[in-house]
Amino acid sequence: MASVTMIVNGKEVTANVDPRTLLAQFLREHLHLTGTHVGCDTSQCGACVVHVDGRSIKSCTTLAVACDGASVTTIEGIGTPDNLHPMQAAFRENHGLQCGFCTPGMIMSAIDIVNRKGHKLDEHTIREELEGNICRCTGYHNIVKAVAAGAEAMAGK
Amino acid sequence: MYAFSYHSPKTVRQAATLLGKNPDAKVLAGGQTLLPTMKQRLASPSALIDLGKAEGLSGIEVKGRNVVIGAMTRHADVASSAIVGEAIPALAALAGGIGDPAVRNRGTIGGSLANNDPAADYPSAVLALNATIITNKRKIPADEFFQGMFSTALEEGEVIVKVSFPIPSKAAYEKFPNPASRYAMVGVFVAKKGSETRVAVTGAGSDGVFRSAECEAALKARFNPKSLDGVKVKAAGLNSDIHASSEYRAHLIPVIAKRAVAKAMAK
């Protein structure tokens, strides 16, 4: 077992974990933050994307112990049902989801795109930047619209 | 994933000592290849030595006529580095094309080189730019570093600390990605420095990254896409799989090299 301490959504957590515990497993099974999804488990699909120290990463391909001392933000940490993050609101308004499985990862990746590329995002940029997130329902069209709208809305916050 | 013991050394020296004590240990850098491999149980190291907290392994600086990149520098940081963008834009572009944004935020240059995946992008840059791999023990020239698929000159207890890239006069990287995996079926890095032109090919060789003697000979007289017209590369020693035959890859090499030279000249 190995001790790990990290800040998750603003709260410090410390736990003893088997070193092979993946960050995704730690978030879901130890902290019960089940908004982070595991789709492919082979770092293709992006359903598990969270932010570690402000950068998007695939939590199914990161050890929890390697995040010792880091600050982790999950989908639960960005908004509440009554007060959605602008990117969440944009996904709802633009019908950017159908089954919703990929949505947490899409939104965490989208926020990362805005952090790096700014609030005016063209379609080509969004599609390129979403290379690591797979949706099997929507055909991406409304996701791309949602990300562009969410990016603009984030400028007002 | 099979169980392992986890170690988080604070220095490279501690990491080397831990490697000496744990013969089956693997070094964990960004983990973007190692962890998936362990999850598939294709690797089962008894211990992981995580370099995440080891000092002095990340960062980018210009030293003389070289760009020096720390082994734990993430792909995203190389891609967005003003220093790399100015001195070797081809290298920044290559780093920005590895995997996807989330993978680039974790994966490291040292990890990619130590792994020497036959379809990885970085080995082609290191070989074409004639970089030097600096370890905790010695300096290894690119021509001696890569020793076949997933095999390098690194010895037991040896850890990559940084990589020094001589700044070329012209360089570019072009890849033909597999449409599904996005890994290079053929990736070509061309670099001209003084009178020397080096052409390194990844994704195609059954023994990993290699220099194309045919392309280099054609570009020696004149660094121009037209110089590659009619150049034939032998299919022997190239990969043949469900994605492409060795003949197809052989044909692609001068085609992609030509695009790379055109890109290098456009800058």
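So you know, we letter chains A, B, ... as the sequences are listed, proteins then strands, and number each from 1. Just so it is clear, the values below take in all heavy atoms, side chains as well, and ignore hydrogens, waters and symmetry mates.
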Discussion item. Once rounded to the nearest 0.5 Å, what's the spacing between atom CZ of A:R55 and atom CZ of B:R104?
Written reply: 11.0 Å
Worksheet item: Does the side chain of B:D100 reach to within under 4.5 Å of the side chain of A:K58, using non-hydrogen atoms?
Response: yes
Worksheet item: Has B:E86 got more than 12 heavy atoms of other residues, nucleotides or ligands less than 6.0 Å from its CD?
Response: no
Fill in: Separation of B:Y6 OH from A:D18 CG (nearest 0.5 Å)
13.0 Å
Fill in: chain B contact via A:S109 - which portion, at a heavy-atom distance below 4.5 Å
neither
Worksheet item: More than 12 foreign heavy atoms under 6.0 Å from NZ of B:K137: is that the case here?
Response: yes
Item to complete: Could you tell me which portion of B:L34 (side chain, backbone, both or neither) has an atom closer than 4.5 angstrom to a non-hydrogen atom of chain A?
Response: neither
Fill in: Rounded distance [0.5 Å steps], CG in A:D68 versus NZ in B:K53
3.5 Å
Fill in: Working for side-chain contact (heavy atoms from CB on, under 4.5 Å), residues B:M1 and A:L22
CA-CA 10 Å; B:M1 207 187 296; A:L22 299 164; 3.8 Å; yes
Practice prompt. Would you check if the side chain of B:N105 reaches a backbone N or O of A:S56 as a donor-acceptor pair within less than 3.5 Å?
Written response: yes
Practice prompt. Examine whether an atom of A:I113 lies under 4.5 Å from a heavy atom of chain B, and if so say whether it belongs to the side chain, the backbone or both; otherwise answer neither.
Written response: neither
Worksheet entry | Residue pair B:A3 / A:R20: nearest heavy atoms and the distance that separates them | N-NH1, 3.3 Å
Item to complete: For B:K162, look at atom NZ and say whether over 12 heavy atoms of other residues, nucleotides or ligands are found less than 6.0 Å away.
Response: no
Discussion item. Looking at B:Q32 and A:T61, would you say the former's side chain and the latter's main chain have a donor-acceptor pair under 3.5 Å?
Written reply: yes
Worksheet entry | Neighbour count above 12 (heavy atom, 6.0 Å) for A:R92 CZ | no
Worksheet entry | Reported CG-to-OG1 distance for the pair B:L28 and A:T62, which is rounded to 0.5 angstrom | 9.5 Å
Worksheet entry | Donor-acceptor pair, side chain of B:K39 and main chain of A:D41, under 3.5 angstrom | yes
Worksheet item: Within a strict 4.5 Å, meaning less than it, do heavy atoms of the B:P101 and A:R116 side chains meet?
Response: yes
Item to complete: Pick whichever of A:V52, A:L63, A:V49 has the most heavy-atom pairs under 4.5 Å with chain B.
Response: A:L63
Item to complete: Evaluate the side-chain proximity of A:V65 to B:D50: yes if any heavy-atom separation is below 4.5 Å, no if none is.
Response: no
Discussion item. Working to the nearest 0.5 angstrom, can you tell me the gap between A:I57 CD1 and B:R74 CZ?
Written reply: 9.5 Å
